[in-house]
Q: 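One structure coming up, written as structure tokens, with questions to follow.
Please read all numbers here as calculations on a predicted model, not as lab measurements.
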Amino acid sequence: MPLNFRDTSIAFKAQSTRSLQRSKWIFFILSKSSLVRIGKGLTMVAFSLRIPINYLILKTVFKQFCGGQTVSDSKNVISKNWKYHVASILDYSVEGQIDELGFDQTQKSIIETIDLAKNNSGVPLAVFKVTGLVKASLLEKVSSGMNLTKDDLASWEKGLERIDEILAHAYSLDVPIMIDAEESWIQSAVDDIARKGMELYNKKDVIVYNTIQCYKIGQLSLLKKNIDQSIKADYLYGVKLVRGAYMEKENSRSKKMGYRSPIQPSKYDTDKEFNECIKYVLKIIGSPAKKKGIGLIVGTHNEESTILAAKTLKNLGWENNEAPVWFAQLYGMSDNISFNLANNGYKTAKYLPFGPIKEVIPYLFRRAEENTSVEGQTGRELSLINQELLRRQEKKI
Ligand SMILES: Cc1cc2nc3c(=O)[nH]c(=O)nc-3n(C[C@H](O)[C@H](O)[C@H](O)COP(=O)(O)OP(=O)(O)OC[C@H]3O[C@@H](n4cnc5c(N)ncnc54)[C@H](O)[C@@H]3O)c2cc1C
């Protein structure tokens, strides 16, 4: 059956009409940048005046984009999606931790997600951000080769220890784990951590996955270099390919500090790099007869790139449900891609953010701003939701 991302009866199978109506209003607001700005302002004011708005947030944007406040809270969404073979990747979305206590709490939550993945077939992978475990300022110092003070060194060692405990735990339970990519000025430290993790834990299976952001110039060459390095050093390479989430921040920092932006000159160039990277990894993965060597996760809401990956796999001789590739989208978005992929047998998962409501707010703002700025995405969501609501009305579902 060919992939049809317009089949809304499959796309929204897991959603009641009431929840679709809620999504419709949320995406309508997200389509208006002025409303997003006002909403953000009002939320900040309400929090600073201690006006209790948690319930309102919980029932609206939080419900749209998050699984729950804890791992256990998120189990409902996990099973709701898994009923239709869409898996979940629990993402502890508390951003901007700055003290050791916060880092320890993050580590605890990530370990909990690994334990859940071990025991729940609807959770095949785990994920974390290095900035949840080490200060971003320290990652920046390490990335730029600056000397570390004695205190810096102590918190660096502690951060590396936290990360190694997470990776060792994932390895001991055989749960693959992805390391998210972040801003370019901290990424070389993150890449080093990921490479060392792969060297240690990717001997037999791909446990550790790093992320490549194709909106940066030169990522295909980097990918080739990484793969060559893994072959020489005899470990298995795991990669999540994404376009990249920090474009505005990257561009404005480079402008302010007077260096050349690392971002591709246009969306066309990003798309080209992303698709070339997919083709390259799939070429290395090769046909089903070849020995498994690389793990790939395609993290995108882009329909063309998804179809390109699916077609390439077919041309290589893979059955949909046997292909050694995960497709992943964010929870609350692009159900037309996720549920139709899963319905065709592809391994498909949703990043499912969770965390205490107040601390997940920065993540929700990022999601809102991204939806507002990614041209066409919100419009696509809205028109598909409307199409499905109309279909249900006509069929009296
Ligand atoms: C499962 C999953 C995991 C993710 N993990 C990460 C991660 O670890 N790190 C991370 O940074 N992001 C991550 N993202 C977010 C991702 O990088 C994108 O921001 C988001 O998915 C939008 O890109 P797209 O491929 O879905 O689709 P599209 O809507 O086709 O592409 C939008 C993207 O194209 C790029 N772009 C847009 N305009 C231009 C321009 N003028 N010039 C150059 N490039 C442009 C930007 O990257 C923008 O986000 C993840 C996304 C998913 C679905």
Side-chain angles (χ1 to χ4, degrees), residues 1 3-5 7-20 22-23 62-93 109-128 170 173-178 205-207 209 240 295-301 306 309-310 313 318-355 360 367 381 384-385 388 397:
M1 195 183 356
L3 278 171
N4 171 12
F5 293 145
D7 190 337
T8 58
S9 68
I10 291 172
F12 299 115
K13 253 185 194 173
Q15 295 227 43
S16 67
T17 300
R18 201 159 157 212
S19 87
L20 267 184
R22 187 202 60 229
S23 304
F62 190 87
K63 202 160 185 188
Q64 177 69 30
F65 296 115
C66 301
Q69 300 205 57
T70 60
V71 168
S72 174
D73 266 5
S74 310
K75 286 183 185 163
N76 276 343
V77 175
I78 295 170
S79 52
K80 189 180 77 168
N81 285 347
W82 190 231
K83 194 170 156 201
Y84 302 105
H85 308 293
V86 174
S88 300
I89 300 164
L90 278 172
D91 179 17
Y92 185 63
S93 296
S109 298
I110 296 164
I111 296 222
E112 242 186 288
T113 67
I114 298 170
D115 291 338
L116 181 73
K118 179 68 193 165
N119 298 311
N120 187 323
S121 48
V123 184
L125 299 136
V127 67
F128 70 96
L173 297 186
D174 209 10
V175 171
I177 185 159
M178 299 175 278
D205 290 307
V206 183
I207 295 292
Y209 287 76
K240 164 164 60 98
L296 171 64
I297 293 152
V298 180
T300 186
H301 302 143
T306 306
L313 282 164
W318 290 96
E319 292 297 332
N320 300 356
N321 57 355
E322 278 165 12
V325 173
W326 277 94
F327 291 87
Q329 292 77 40
L330 306 181
Y331 179 68
M333 294 161 69
S334 298
D335 282 352
N336 65 317
I337 297 180
S338 318
F339 284 78
N340 280 299
L341 278 171
N343 190 54
N344 278 268
Y346 291 100
K347 291 189 188 117
T348 310
K350 290 285 205 189
Y351 254 38
L352 185 60
F354 76 98
V360 172
R367 213 46 332 111
E381 299 287 356
L384 290 168
I385 292 170
E388 175 61 8
I397 298 172

Q: Under a 3.5 Å distance rule, please check whether Gln329 uses its side chain to pair with a backbone N or O of Tyr351 as donor and acceptor.
A: no

Q: How far does OG1 of Thr8 sit from CD of Gln15, to the nearest 0.5 angstrom?
A: 11.5 Å

Q: Do Phe12 and Leu384 have side-chain heavy atoms sitting under 4.5 Å apart?
A: yes

Q: Counting only N and O atoms by type, is there a donor-acceptor contact under 3.5 Å from the side chain of Asp7 to the main-chain atoms of Ser9?
A: yes

Q: Work out which heavy atom in Ser88 is nearest to a heavy atom in Pro124; give both atom names and the distance.
A: O-CD, 3.4 Å

Q: Are Phe65 and Tyr331 near enough that their ring centres are under 6.0 Å apart?
A: no

Q: Any idea how Phe327 and Tyr346 line up, ring-wise: parallel (<30°), tilted (30 to 60°), or perpendicular (>60°)?
A: perpendicular

Q: Begin with the C-alpha distance, continue with both residues' side-chain angles, and end with the deciding distance and a verdict on side chain to side chain contact (heavy atoms under 4.5 Å, CB included) for Thr306 and Thr300.
A: CA-CA 7 Å; Thr306 306; Thr300 186; 3.6 Å; yes

Q: Could you tell me the separation between the CZ atom of Phe339 and the CD1 atom of Ile10, rounded to the nearest 0.5 Å?
A: 11.0 Å

Q: Within the supplied structure, the quantity of interest is the number of heavy atoms (other residues, nucleotides, ligands) at a distance under 6.0 Å from Lys80 NZ; does it exceed 12?
A: yes

Q: When you compare the side chain of Leu116 with that of Lys75, does any pair of heavy atoms fall below 4.5 Å?
A: yes

Q: Taking the side chain as C-beta and beyond, is there a heavy-atom pair between Val360 and Phe62 under 4.5 Å?
A: yes

Q: Of all heavy-atom pairs between Gly355 and Tyr92, which one has the smallest distance, and what is that distance?
A: CA-CE1, 4.2 Å

Q: I'd like to know if the side chain of Lys118 reaches the main chain of Val175, judged simply by a donor and an acceptor atom lying under 3.5 Å from each other, with no hydrogens or angles considered.
A: no

Q: Between Lys350 and Asp335, does a salt bridge (charged side-chain N to carboxylate O under 4.0 Å, His left out) hold up when you go through it step by step?
A: CA-CA 9 Å; Lys350 290 285 205 189; Asp335 282 352; 2.8 Å; yes

Q: So which atom in Ala170 and which in Ile114 form the shortest heavy-atom distance, rounded to 0.1 Å?
A: CA-CG2, 3.8 Å

Q: Tell me the closest heavy-atom pair linking Tyr84 and Ala342, and the distance in Å.
A: O-CB, 3.6 Å

Q: Can any side-chain N or O of Ser93 pair as donor or acceptor with the backbone N or O of Asp91 at less than 3.5 Å?
A: yes

Q: Between the main-chain N or O of Asn4 and the side-chain N or O of Asn340, is there a donor-acceptor pair closer than 3.5 Å?
A: yes

Q: Using 0.5 Å steps for rounding, measure from the OH atom of Tyr209 to the CG atom of Leu296.
A: 8.0 Å

Q: How far apart are the closest heavy atoms of Val127 and Ile177, and which atoms are they?
A: N-CG1, 4.1 Å

Q: Supply the atom-to-atom distance His301 NE2 to Ser334 OG, rounded to the nearest 0.5 angstrom.
A: 4.5 Å

Q: Given side chain to side chain contact (heavy atoms under 4.5 Å, CB included), test Thr113 with Val123 step by step and report yes or no.
A: CA-CA 9 Å; Thr113 67; Val123 184; over 6 Å; no

Q: Just how far is it from atom CG of Leu3 to atom CG of Asn344, taken to the nearest 0.5 Å?
A: 4.5 Å

Q: Could you pull out the closest heavy-atom pair between Ile297 and Ala328, with the gap in Å?
A: CG2-CB, 4.2 Å

Q: What is the distance from atom CG of Leu352 to atom CD1 of Ile78, rounded to the nearest 0.5 Å?
A: 6.0 Å

Q: Under the criterion side chain to side chain contact (heavy atoms under 4.5 Å, CB included), I'd like the reasoning laid out for Asp115 against Val71: C-alpha separation, chi angles, the key distance, then a yes or no.
A: CA-CA 10 Å; Asp115 291 338; Val71 168; over 6 Å; no

